[in-house]
Amino acid sequence: MASVINFGAGPAKLPEEVLVNVQKELVKYGNSQISVMEMSHRSSDYMKINDDCQQFVRDLLNVPDNYKIIFLQGGGTALFAAIPLNFMSRTGSADYVVTGTWSAKAAKEAAKYGKINLVLPKTDKYQDIPDISTWKLDPNASYVHVCFNETVDGVEFPYIPDVKGVPLVADMSSNIMTRELDISKFGLIYAGAQKNIGPAGVTLVIVREDLLGSPLPITPAVLDFTVNVKENSLNNTPPTFAIYVMLEVFKWIKSNGGIKGMQTNSNTKSDILYNIIDNSKGFFVSTVNRKVRSKMNVTFRISGECSEGKLEDVFLKGASQRGMLHLKGHRSVGGIRASIYNAVSVANVESLATYMKEFQEKYSK
Ligand SMILES: *Cc1c(COP(=O)(O)O)cnc(C)c1O
């Protein structure tokens, strides 16, 4: 069916089977005779979607019993505020590990609500994660915030940092459900859905129970984790349709090998592209340290020009003529970025690989 491949960074490609099924159920959901979009969030049909969705998260990610799962609105950006609002009262300060564009934004937002300690030296070129032995962690921090995958810069944590007992908070907006992880190592995990697990509009939050209960008094109810846990994500009208589609994506992940299946595919897909980059004799250049290169957002540069213009522009134009869309790097960094989330298949990535090889053959001097 699809004759194009969407390599966009987000909102991103959804599994075609999911879209087709959503289309099939769009007007009349199950036996309800109405659309999910028209349904009360207090109805038994919607309650089941809400509960199933939580259960799928718990089962797919092996979430321990002492963690709660909630669905909020406002994207990853709302969580940049919600995290300090809910956790800063512990000690009044928090550690931020800034490894890219998104964690820099998170730190800036948090500074409105408390004292921020920047764990790493300041930089505006995000190409590496400095060795953890050099991190200036504050043992008295309320929490340590990391961005597990920097979507713009292509920098991903290959390991879970040991932050010595301080709660670890991770933005997994662009790599949630792409690799197996020990959830018990985290205090809180959050992810806007629109990269790997659904449409925009819902943010998945997994939070350790003992961290609840002490939000700053100014915390808005919509961002209050304690309130939303207590009300089972039904304190106010949730983004019901987005949550329903997310549940369909979870079912798709389960039937495609679960998180292990996603991880195997991610390794295969990212290896294909990085191998081409590494074997291109400098034609394609990765700007990120090999050890922390993202398996989700493969960023690279092509320098030089030809009679048709800058090679990067020629590359993007040729790609879109072949139906390979949205490969342009983020406007703040330029270059090329191939986002290869769960719904992008190995075959899709092979098509891109073939094009890259042909492009190099044609344009390298
Ligand atoms: C996309 C993204 C965000 C921002 O998400 P919004 O839904 O636009 O607020 C935050 N963090 C990361 C890692 C992202 O990829």
Side-chain angles (χ1 to χ4, degrees), residues 6-14 70-86 94 96-112 120 126-127 129 143-158 160-161 168-179 181 186 188-207 220 222-223 225 238-239 241-243 245-246 249 262 266 270 288 292-299 326-333 337-344:
N6 180 2
F7 287 104
K13 182 169 162 61
L14 286 164
I70 47 176
F71 309 124
L72 300 181
Q73 301 191 53
T77 305
L79 270 286
F80 294 169
I83 286 156
L85 282 163
N86 281 274
Y96 275 76
V97 185
V98 174
T99 55
T101 308
W102 287 116
S103 47
K105 285 199 169 156
K108 193 169 169 214
E109 184 74 5
K112 295 176 183 171
L120 303 178
Y126 301 110
Q127 304 180 326
I129 300 175
Y143 59 90
V144 181
H145 180 281
V146 296
C147 178
F148 225 50
N149 182 64
E150 285 286 1
T151 320
V152 170
D153 311 277
V155 174
E156 183 173 12
F157 270 90
I160 302 173
L168 179 63
V169 171
D171 179 355
M172 292 196 192
S173 293
S174 53
N175 67 348
I176 186 96
M177 296 203 179
T178 65
R179 51 196 259 215
L181 285 175
F186 296 89
L188 180 142
I189 291 168
Y190 65 102
Q194 70 269 24
K195 279 97 184 202
N196 266 302
I197 53 173
V202 57
T203 311
L204 168 65
V205 178
I206 304 170
V207 56
V222 285
L223 295 182
F225 301 148
F241 187 72
I243 291 169
V245 179
M246 187 165 73
V249 173
M262 298 300 115
S266 295
S270 53
V288 178
V292 299
R293 294 196 297 206
S294 172
K295 296 187 180 196
M296 292 295 119
N297 311 98
V298 177
T299 52
H326 308 306
L327 284 160
K328 196 177 167 77
H330 190 269
R331 57 196 146 82
S332 64
V333 294
R337 170 174 56 172
S339 297
I340 49 174
Y341 301 124
N342 285 343
V344 178

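All residue numbers refer to positions in the sequence shown, counting from 1. Everything numeric in this text was worked out from a predicted model, so none of it was measured. Counting starts at 1 for both ligands and their atoms, following the listed order.
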Inset, instruction - Could I get the full list of ring pair (Phe, Tyr, Trp, His ring centres under 6.0 Å) partners for F157, not counting sequence neighbours? - result: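 Ring pair (Phe, Tyr, Trp, His ring centres under 6.0 Å) check on F157 returns F148, Y159.
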
Inset, instruction - Would you check ligand 1 and list the protein residues that come within less than 4.0 Å of it by any heavy atom, ordered by chain and number? - result: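 The 4.0 Å shell around ligand 1 contains G75, G76, T77, F80, W102, C147, N149, T151, D171, S173, S174, Q194, K195.
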
Legend entry - Set of salt bridge (Lys or Arg N to Asp or Glu O under 4.0 Å) partners for K108, sequence neighbours left out: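 Scan of K108 (salt bridge (Lys or Arg N to Asp or Glu O under 4.0 Å), adjacent residues dropped) gives none.
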
Legend entry - Pair T299-D153, side-chain donor/acceptor within less than 3.5 Å: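 Short answer, no.
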
Inset, instruction - Answer yes or no: is there a donor N or O on one side and an acceptor on the other, between the side chain of Q73 and the main chain of P238, under 3.5 Å? - result: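 Absent.
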
Inset, instruction - Report yes or no: does N297 contribute a side-chain atom to a donor-acceptor pair with the main-chain N or O of R337 at less than 3.5 Å? - result: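 No: the side chain of N297 does not pair with the backbone of R337.
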
Counting only pairs under 3.5 Å, give me each side-chain donor-acceptor contact of residues 188-200, with atom names and distances, residues two or more places apart or in other chains.
from, atom 1, to, atom 2, distance (Å)
Y190, OH, H145, NE2, 2.7
N196, OD1, N342, N, 2.9
N196, ND2, S174, O, 3.0

